[in-house]
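This report refers to the structure that appears directly beneath it.
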Amino acid sequence: MKNGDHLFLVDGSGFIFRAFHAIPPLNRKSDGLPVNAVSGFCNMLWKLLKDARNTDVGVTPTHFAVIFDYSSKTFRNDLYDLYKANRTAPPEDLIPQFGLIRHATRAFNLPCIEKEGYEADDLIATYSRLAEEAGADVTIVSSDKDLMQLVTGKVSMYDGMKDKQIAIPDVIEKWGVAPEKMIDLQALTGDSTDNIPGVPGIGPKTAAQLLAEYGDLDTLLSRAEEIKQVKRRENILASRELVLLSRQLVTLKNDTPLDVPLDDLILHPQDGPRLIAFLKAMEFNTLTRRVAEACDCDASAIEPAVVPVEWGAEAHGPDLDRGEAVAPSPDGGETAAEAAAVLMPTARPGEASPAGLARARAERFSGAVIDHSAYVTIRDLDTLDRWIADAREAGLVGFDTETTSLDPMQAELCGFSLAIADNRADPSGLTVRAAYVPLSHKTGVGDLLGGGLAEGQIPVRAALDRLKGLLEDRSVLKVAQNLKYDYLVMRQHGIVIVSYDDTMLMSYALDAGVTTHGMDTLSERWLGHKPIPYKDVCGSGKGAQTFDLVAIDRATAYAAEDADVTLRLWHVLKPRLAAERMTTVYERLERPLVPVLARMEERGITIDRQVLSRLSGELAQGAAAFEEEIYALAGERFNIGSPKQLGDILFGKMGLSGASKTKTGQWSTSAQVLEDLAAQGVPLARKIVDWRQLTKLKSTYTDALPGFVHPQTKRVHTSYALAATTTGRLSSSEPNLQNIPVRTAEGRKIRTAFVASPGRKLVSADYSQIELRVLAHVADIPQLRQAFADGIDIHAMTASEMFGVPVEGMPGEVRRRAKAINFGIIYGISAFGLANQLAIERSEAGEYIKKYFERFPGIKDYMDSTKAFAREHGYVETIFGRRAHYPEIRSSNPSVRAFNERAAINAPIQGSAADVIRRAMVKMEPALERAGLGARMLLQVHDELIFEIEDGEVDRAIPVIVDTMENASMPALAMKVPLKVDARAAHNWDEAH
DNA sequence: CCCCAACCGTA
DNA sequence: GTACGGTTGGGGG
């Protein structure tokens with residue numbers, strides 16, 4: 001270090017405490033991790049370093065270090081055992097941030113310095129002295145008065161939070177003494193926060209006055225007798241020894257041993273990608289964007305870093321218990337605004353009870369008058385600011401995005417809309433005003449050169465900066481329809497929506513099985529209003545255009561209406577949750593899954609296109625070979641893929657027996673029928689079955705999957721539907737990754753194409769027999785509970801009970817039949833179905849069922865009582881209270897009724913298992929983070945979760961994953977049967993499964 | 001171009 | 001016998 005250099009020393013530990021208390025703890029990661037101090041720290045570092053690069057502005061560091069306290073025990077404790085003895089433990093939310101700030105420092109490519117037995121202040125004093133001796137200037141980034149003794153002509157301080165420089169005159173102004181007298185002043189006054197004794201009755205003012213009069217502390221003490229004020233004189237004389245001790249304590253040690261030499265503090269260039277990876281992991285979206293701009297990086301191409309979090313001893317994570325107090329929950333947490341908002345509008349007579357309010361709301365909102373001409377197009381920032389301010393004031397806002405694609409991973413934002421219930425104008429909540437903010441609408445429809453940006457739109461960056469403030473404000477409840485979509489779209493712009501409700505999920509929690517949950521359906525059902533069809537705005541089929549090409553007036557009517565309708569739906573559905581006691585289901589099983597699934601979809605999974613392409617060729621060859629043989633056997637060429645043509649050939653032309661008809665009267669050519677024919681010795685039938693298998697694998701998988709590889713991420717991003725099934729299961733589409741083949745060897749080859757990225761493994765963790773375990777729990781069957789407790793083969797046990805065959809040496813066929821019965825039970829067994837499955841007579845199947853019910857009477861009771869419950873209430877419930885509705889269960893049509901009864905028997909079993917894995921998924925990310933693991937959950941396949949995990953982490957991650965899944969029901973519900981999870985790691989999905 | 005039936009992949 | 005989604009063929013407009 002040389003003359004003219006400039007060393008910045010950041011008091012990291014001091015900053016943590018200051019930032020933690022100064023910045024409100026609103027600033028959490030989406031998983032609930034508090035990062036307010038980290039956020040303040042990163043912003044401050046960025047500001048310091050940014051100015052540093054801009055040589056026109058301020059001072060430019062050549063050397064830089066961030067200094068931390070190593071631990072609470074230092075040499076000062078040897079001097080005075082009560083030193084800092086009154087310190088209490090840091091707040092819980094602060095604990096994980098100590099480690100994170102060190103990670104942040106390293107991500108900024110800065111030295112992170114601490115030394116056992118010394119405080120940060122001593123290290124700062126030492127570096128400061130050395131730098132000054134070398135002729136350099138020093139800036140200590142801190143506002144701590146303990147460091148002011150270090151200020152000289154070459155050494156100044158800088159308060160990073162107040163953006164204020166502290167030089168010699170500033171110290172004198174503040175404390176009345178020059179920096180070199182600060183030690184004496186502190187010794188006299190003491191410091192209650194550090195438990196440093198001083199002279200009673202002497203504060204900074206008196207101390208400064210005394211020092212001005214006597215020059216320094218030693219002189220003061222030697223001439224203390226001269227002090228005129230009796231009390232003050234006596235106190236000083238009595239405290240003499242303590243004051244000298246205090247002086248030792250407050251004197252910073254400027255010759256501490258250093259592990260990192262001064263010259264090593266030289267400022268290195270920023271490592272942009274590394275810093276962005278860290279900032280993304282912290283979800284500091286604004287800063288990520290700024291850094292990406294400054295270093296010209298594409299932030300979207302950078303994976304978030306894996307940042308281990310040390311939580312200390314305290315457990316953390318979203319609690320999933322019923323009735324437990326809801327801590328500020330990671331995402332859609334209940335806020336004061338939300339609690340207030342649900343009561344808005346003001347209750348009227350007859351609305352005091354939740355049910356009364358719900359009824360009144362439904363009544364008031366039905367037959368809504370929706371006036372498209374009242375919608376506003378927001379074209380300038382001032383108007384947008386007013387709307388956002390009004391939304392803040394209301395604490396509640398309807399929100400919707402308009403984009404160019406239904407696929408959120410491909411969608412480009414065109415604009416967004418806001419809806420506000422005007423509570424002042426109309427306390428009924430009925431008056432909703434809504435606006436559309438166009439951002440990137442184009443002109444020149446049909447212009448091949450592409451029209452330019454349409455006039456009268458706010459610049460995207462400016463508008464989104466304002467919107468971000470609203471969407472990330474925990475105190476404003478955002479209401480959206482199918483929020484996962486908007487969540488993903490906004491994430492692409494660095495915005496993380498917090499505090500939200502999703503009307504689609506509210507409807508799903510309330511009415512699964514009654515209705516679908518799309519906005520148009522809900523609007524017609526609850527508001528009696530048919531929203532403008534998307535087709536009317538954008539056209540369809542060949543004439544379709546993207547939303548950015550829609551004229552802004554037309555777009556406003558459509559888009560604002562969506563936000564308007566969504567907010568009205570919320571007013572109807574929200575009170576129903578409480579009235580129908582579905583709030584817990586909604587808040588614990590539905591809403592928190594939105595960001596979890598969004599992240600899974602965003603991560604995607606890698607597929608090896610070469611593997612698929614090779615397989616596709618093999619399948620084509622195999623199918624072609626079959627085709628020739630099929631034509632030869634049939635005696636003519638025909639479309640094998642046409643069941644109609646095939647049926648005509650088999651049962652018309654060839655006159656084969658064993659035909660059955662489909663419900664439309666056509667010949668059935670199902671696999672079952674063909675298998676039967678093959679068994680009769682019809683070789684053509686076998687070849688058709690085999691041909692179908694190959695062409696199915698080719699068309700549905702090997703040919704289709706590569707088309708889903710995202711052009712930028714090069715991964716496949718499925719879409720999970722949260723509200724598609726009656727039972728509570730998820731569904732997956734575009735592509736459906738929940739039906740990737742596994743049962744045949746040929747099919748399994750498809751799974752080898754699903755691979756981990758380099759240096760990682762795929763880990764598959766699946767529940768073993770979860771539905772039978774749920775059945776054992778809900779029906780409380782002693783033998784089943786015992787078998788699961790003992791880890792016995794459940795199907796063999798069933799066979800043994802039914803047929804009196806010992807488990808040892810049981811024939812495979814006997815076990816197979818018992819297995820089919822077990823599955824049949826879960827599916828709401830019928831003699832017809834079981835006979836079909838086992839290819840036995842219906843009477844024989846009936847005997848099996850009778851026998852089963854004799855051995856397990858509890859199952860019969862369960863099925864009967866479930867049916868009776870469903871008939872009485874029209875719905876059934878899972879163990880977590882989710883409801884599946886069967887409105888047709890009282891149908892006078894016996895087959896319709898029987899079908900609904902079977903579904904009603906199945907739903908609590910399938911649905912409870914679905915609830916369990918939902919809980920596991922919500923708990924998984926916090927559990928992994930708590931364990932300091934970067935494992936990433938990618939896929940869910942009903943009873944299986946697939947992760948991508950760094951090689952070195954796999955062995956540590958698996959127990960965390962297994963434990964989280966096995967204990968997913970806790971603490972809300974202790975199951976009577978243990979849940980068992982098997983997990984394996986491999987390069988591809990086939991080997992991991 | 002849209003919709004439905006048939007078929008088949010998964011849990 | 002439960003719960004899904006995707007592909008193909010084919011009919012109707």
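Proteins get letters first, then strands, A, B, ... in listed order; numbering begins at 1 in each.
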On the nucleotide [N], are OP1 or OP2 found under 4.0 Å from the side-chain N or O atoms that [X] carries?
X	N	answer
A:Arg692	B:dC8	yes
A:Thr700	B:dT10	no
A:Asn639	C:dG9	yes
A:Ser732	C:dG5	no
A:Thr727	C:dT2	no
A:Arg729	B:dA11	no

In whole Å, what is the span from the [atom1] atom of [X] to the [atom2] atom of [N]?
X	N	atom1	atom2	answer
A:Tyr827	B:dT10	OH	P	12 Å
A:Asp766	B:dT10	CG	P	15 Å
A:His942	B:dG9	NE2	P	16 Å
A:Leu945	B:dT10	CG	C1'	16 Å
A:Glu944	B:dG9	CD	C1'	15 Å
A:Tyr701	B:dT10	OH	C1'	7 Å
A:Gln645	C:dG9	CD	P	9 Å
A:Gln666	B:dC4	CD	C1'	11 Å

Hey, does [X] reach any base, or is it just sugar-phosphate, or nothing, if we go heavy atoms under 4.0 Å?
X	value
A:Ile825	nothing
A:Gly824	base
A:Leu834	base
A:Ser540	sugar-phosphate
A:Ala544	nothing
A:Ser830	base
A:Ala671	sugar-phosphate
A:Ala907	nothing

To the nearest 0.5 Å, how far apart are OH in A:Tyr720 and CD in A:Gln940?
6.5 Å
Any N/O donor-acceptor pair, A:Asn739 side-chain to B:dG9 base, under 3.5 Å:
yes
So for A:Gln738 and B:dT10, does any side-chain atom that can act as donor or acceptor lie under 3.5 Å from a complementary atom in the base?
no
Please name the nucleotide paired to C:dG13 by Watson-Crick or G-U wobble geometry with both distances under 3.5 Å, or report none.
none
Taking the ring of A:Phe869 and the ring of A:Tyr875, is the distance between their centroids below 6.0 Å?
yes
Verify whether the ring centers belonging to A:Phe803 and A:Tyr848 lie closer than 6.0 Å.
yes
Closest listed nucleotide, where the reference is the side chain of [X] and the choices are [options]:
X	options	result
A:Lys644	B:dA6, C:dG10, C:dA3	C:dG10
A:Phe899	B:dA6, C:dA3, B:dG9	C:dA3
A:Lys696	C:dG9, B:dA11, C:dG6	C:dG6
A:Thr669	B:dA5, B:dC7, B:dT10	B:dC7
A:Pro741	C:dG6, B:dA11, B:dT10	B:dT10
A:Ser668	B:dC7, B:dG9, C:dT2	B:dC7
A:Ser733	B:dC7, B:dA5, C:dG6	C:dG6
A:Thr725	B:dT10, C:dT7, C:dA3	C:dA3
A:Ser699	C:dA3, C:dT7, B:dC7	C:dT7

Between A:Thr695 and A:Ala623, what is the shortest heavy-atom contact and its length?
CG2-CB, 4.0 Å
The side-chain contact (heavy atoms from CB on, under 4.5 Å) partner of A:Leu656 among A:Leu684, A:Val673, A:Leu650 is A:Leu650
Distance-only, no hydrogens or angles: does the A:Arg815 side chain make a donor-acceptor pair with backbone N or O of A:Met797 under 3.5 Å?
no
Can you label the angle between the A:Phe651 ring and the A:Trp667 ring as parallel, tilted or perpendicular, going by 30° and 60°?
tilted
Carefully, step by step, assess A:Thr798 and A:Asn822 under the rule side chain to side chain donor-acceptor pair (under 3.5 Å).
CA-CA 8 Å; A:Thr798 305; A:Asn822 277 332; 2.9 Å; yes
